[in-house]
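Below is one structure, written out as structure tokens; the observations come after it.
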Amino acid sequence: MRKYLLLTALLFFAAIALPQSHAQESEQAALDEAQVFEWWDDGIITPEEADEIFSRLEEENYEEACLLAEVYAQEPCALKKTKPKKSKTPKAPRTERSRQKRKTAKKEQAAPGAPSIVPHGRISWKGQYDSDGHLKKLRKELLIQFYYFRLHLGSQELLSYRRDGFEAHFGQISTLEFHSHLPLDTLWGAAFSFPVGKFRLGAFLDTSKAFHTHLGFQIDRSNELSATLWKFPGTSALAIQAHTSLGQISAWYQFGQDFPLVKIQMQSEKAYLSWKTTAYIHGDSIPQGLNLSKGIAENWLWASQTVTAHWPEALNTSFSAKARILSPVSSDSVSARFKMTFSSGPEHLRPSISLTCLEASENCNDTEWKGGIESAWEHVSFKSSARFRHNKGHTKPPRIEIGASYRKSSRTFVKLTLAFPEANPAKSISIQNEFRIDNDFLGCDFIFAFKKTQKTDFHPNYAHLEATLKF
């Protein structure tokens with residue numbers, strides 16, 4: 001064991017000696033814990049499905065979290081790509097005094113455009129509480145960045161080095177560090193990759209004697225192919241990824257298995273029409289090395305399709321049709337769900353209506369109808385909706401929801417939602433509020449939910465607390 005630890009450490013520190021410089025793109029989630037809790041409280045997703053999304057959010061695998069949300073909640077979700085701001089080289093000063101000041105400053109700090117050698121980062125605490133007040137999940141994080149290094153301690157212990165397309169990682173390495181389209185198990189070891197012209201070479205070695213070699217080829221800015229050969233104790237696997245302007249397709253084949261695991265994400269956005277296809281396909285068994293969500297592992301076909309038509313000049317009118325198909329490994333049955341949504345109107349008064357066929361295999365006997373109105377102003381927005389289910393001639397009481405939110409730039413956000421699950425406030429009331437504040441030194445996100453029924457007084461339903469100290 002010691003010699004493998006020594007070898008992985010040598011690979012890592014030998015790799016970081018290569019001089020280069022790089023600016024990384026980062027991803028921002030289009031959904032957060034508050035939105036997942038809201039779907040859970042509304043009954044749109046099950047607690048198990050919510051836990052699957054929470055797990056991906058905790059891993060910062062926002063792409064996979066969005067994928068789960070689109071299939072389970074049938075709600076749109078997209079990632080926002082952000083590039084770090086490039087520091088601009090200041091213009092030469094005109095006065096002699098300014099020149100002297102600039103020369104003095106140059107001696108005291110790094111050259112313009114270079115990363116700061118002063119350690120900076122954040123300490124965060126995140127906890128989830130259940131209805132009994134018990135701490136269900138706890139996550140503590142310490143993130144320190146200095147020069148081209150990044151140290152992550154807590155749920156993941158990882159030291160990373162990134163510079164000009166070159167990457168080296170030592171510690172607990174997972175999906176993001178491997179740049180894998182498929183979610184992977186977390187492995188302890190060392191990994192590095194570096195560009196050579198249009199090619200990218202990489203390697204990984206784990207303390208459990210698992211290793212891989214990687215080869216990527218970038219055809220142009222929009223098209224890229226890569227192949228990774230994995231070697232695990234007792235088995236081997238080949239992973240292939242193709243990235244095009246329409247999306248990504250990945251396949252993972254474990255030698256000896258009958259069928260590879262395939263993941264498809266394709267989309268196209270045009271002026272008036274857009275579509276998106278997502279699918280997981282696999283055999284009866286899951287290949288070693290992959291970390292799939294429970295819902296995906298239990299269904300050999302796990303897919304969704306969305307088509308949206310948009311007319312901006314006609315009161316910003318939009319119509320979307322969504323379909324999801326699940327086929328369990330344990331049976332030959334197929335579960336299909338369809339949803340259609342129509343919305344139109346200005347931001348100040350925008351009505352919408354949706355119809356969901358909960359199970360197509362049962363001739364859509366169980367349907368869900370929802371009508372709502374949203375009103376957005378400069379800092380304040382309001383919404384109200386009514387949703388009811390219709391099953392074989394019987395209509396359940398509608399769920400009525402009223403909400404208001406206040407947003408002051410991106411640093412302050414307050415939201416309050418009041419829901420009546422059975423229409424009658426005397427029968428049940430659900431309240432969810434969120435308070436979020438973010439500045440240069442402190443970040444807080446508090447989510448609380450309370451419930452009242454005919455048999456119980458107001459009591460906590462769940463809570464999500466997150467505090468971040470920046471330095």
Side-chain angles (χ1 to χ4, degrees), residues 31-51 53-54 69 72-75 128-134 136 339 341-343 345 347-358 365-377 379-407 413-436 445-465:
L31 80 158
D32 53 16
E33 287 82 0
Q35 180 63 75
V36 180
F37 275 124
E38 187 174 328
W39 291 335
W40 179 1
D41 193 44
D42 290 349
I44 296 176
I45 61 176
T46 64
E48 293 77 15
E49 293 170 345
D51 283 337
I53 302 176
F54 283 140
Y72 291 145
Q74 291 191 298
E75 293 290 341
Q128 283 187 20
Y129 292 84
D130 58 19
S131 57
D132 296 325
H134 299 146
K136 184 180 178 182
K339 180 179 180 181
T341 304
F342 176 83
S343 61
E347 290 185 355
H348 297 332
L349 188 64
R350 185 172 179 81
S352 63
I353 185 171
S354 66
L355 168 63
T356 303
C357 167
L358 297 178
N365 290 327
D366 197 1
T367 57
E368 184 177 271
W369 297 75
K370 181 179 179 180
I373 297 178
E374 292 188 16
S375 178
W377 301 81
H379 299 298
V380 182
S381 63
F382 303 92
K383 70 172 184 178
S384 61
S385 65
R387 190 181 82 241
F388 60 88
R389 288 192 176 184
H390 181 80
N391 189 320
K392 295 181 180 180
H394 177 70
T395 302
K396 296 181 179 180
R399 175 187 175 90
I400 300 175
E401 188 174 297
I402 303 172
S405 62
Y406 172 81
R407 184 186 298 275
F413 179 72
V414 181
K415 182 180 179 181
L416 176 64
T417 303
L418 181 64
F420 309 104
E422 299 181 58
N424 188 352
K427 291 185 177 181
S428 60
I429 301 177
S430 176
I431 299 176
Q432 177 179 311
N433 51 21
E434 179 184 5
F435 173 76
R436 185 188 306 160
D445 189 9
F446 302 146
I447 305 167
F448 299 94
F450 302 89
K451 257 187 179 179
K452 177 185 177 299
T453 64
Q454 286 181 315
K455 297 181 179 180
T456 61
D457 294 329
F458 270 110
H459 63 279
N461 189 28
Y462 57 77
H464 172 84
L465 309 178

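Values below: all heavy atoms of this structure, side chains included; hydrogens, waters and symmetry mates excluded. Computed from a predicted model, the values in this text were never measured in an experiment.
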Practice problem: Evaluate the criterion side chain to side chain contact (heavy atoms under 4.5 Å, CB included) for residue pair Glu38 and Glu401; output intermediate values, then yes/no. | Solution: CA-CA 11 Å; Glu38 187 174 328; Glu401 188 174 297; 3.7 Å; yes
Quiz item: Would you say the side chain of Gln432 lies within less than 4.5 Å of the side chain of Tyr462, judging by non-hydrogen atoms?
Solution: yes
Practice problem: Looking only at non-hydrogen atoms, find the nearest pair between Ser381 and Ala376 and report the distance. | Solution: CB-CA, 4.0 Å
Quiz item: To the nearest 0.5 Å, what is the distance between CZ (Phe37) and CG (Asp42)?
Solution: 13.0 Å
Exercise. Please name the pair of heavy atoms, one in Lys452 and one in Ala426, separated by the smallest distance, quoted to 0.1 Å.
Key: NZ-O, 4.4 Å
Practice problem: For residues Lys339 and Glu75, determine if any side-chain heavy atom of one lies less than 4.5 Å from a side-chain heavy atom of the other. | Solution: yes
Self-check item: Rounded distance [0.5 Å steps], CD1 in Ile402 versus OG in Ser385
Solution: 9.0 Å
Self-check item: Heavy-atom side-chain contact between Asn461 and Phe450 under 4.5 Å
Solution: no
Self-check item: Approximate separation, where rounding is to 0.5 Å, of Lys383 NZ and Thr417 OG1
Solution: 5.0 Å
Quiz item: Do any N or O atoms from the side chain of Asp32 and from the backbone of Gln35 form a donor-acceptor pair under 3.5 angstrom?
Solution: yes
Quiz item: Any side-chain heavy atom of Ile45 sitting closer than 4.5 Å to one from Val36?
Solution: yes
Quiz item: Side chains of Ser430 and Asp41: do they bring a donor and an acceptor to under 3.5 Å?
Solution: yes
Practice problem: Report the relative orientation of the aromatic rings in Phe388 and Trp369; use parallel for angles under 30°, tilted for 30 to 60°, perpendicular for over 60°. | Solution: parallel
Exercise. Would you check if Lys415 and Arg436 make a side-chain contact, meaning some heavy-atom pair closer than 4.5 Å?
Key: no
Quiz item: Is the side chain of Ser375 donor-acceptor paired with the backbone N or O of His348 at a distance under 3.5 Å, no angle test?
Solution: yes
Self-check item: Distance, nearest 0.5 Å, that separates CZ of Phe448 from CD of Glu434
Solution: 11.0 Å
Self-check item: Ala423 versus Pro425, closest heavy-atom pair with distance
Solution: O-CD, 3.3 Å
Quiz item: Is there a side-chain contact between Tyr72 and Glu48 (heavy atoms, below 4.5 Å)?
Solution: no
Quiz item: Any side-chain heavy atom of Trp39 within less than 4.5 Å of one from Leu31?
Solution: yes
Quiz prompt | Salt bridge present between Glu368 and Arg389 (N-O < 4.0 angstrom) | solution = yes
Quiz item: Side chains of Ser352 and Glu374: closer than 4.5 Å at any heavy-atom pair?
Solution: no
Self-check item: OG on Ser354 to CZ on Arg387, rounded to 0.5 Å
Solution: 9.0 Å
Self-check item: Inter-residue atom distance Tyr406.OH - Leu416.CG, 0.5 Å rounding
Solution: 15.5 Å
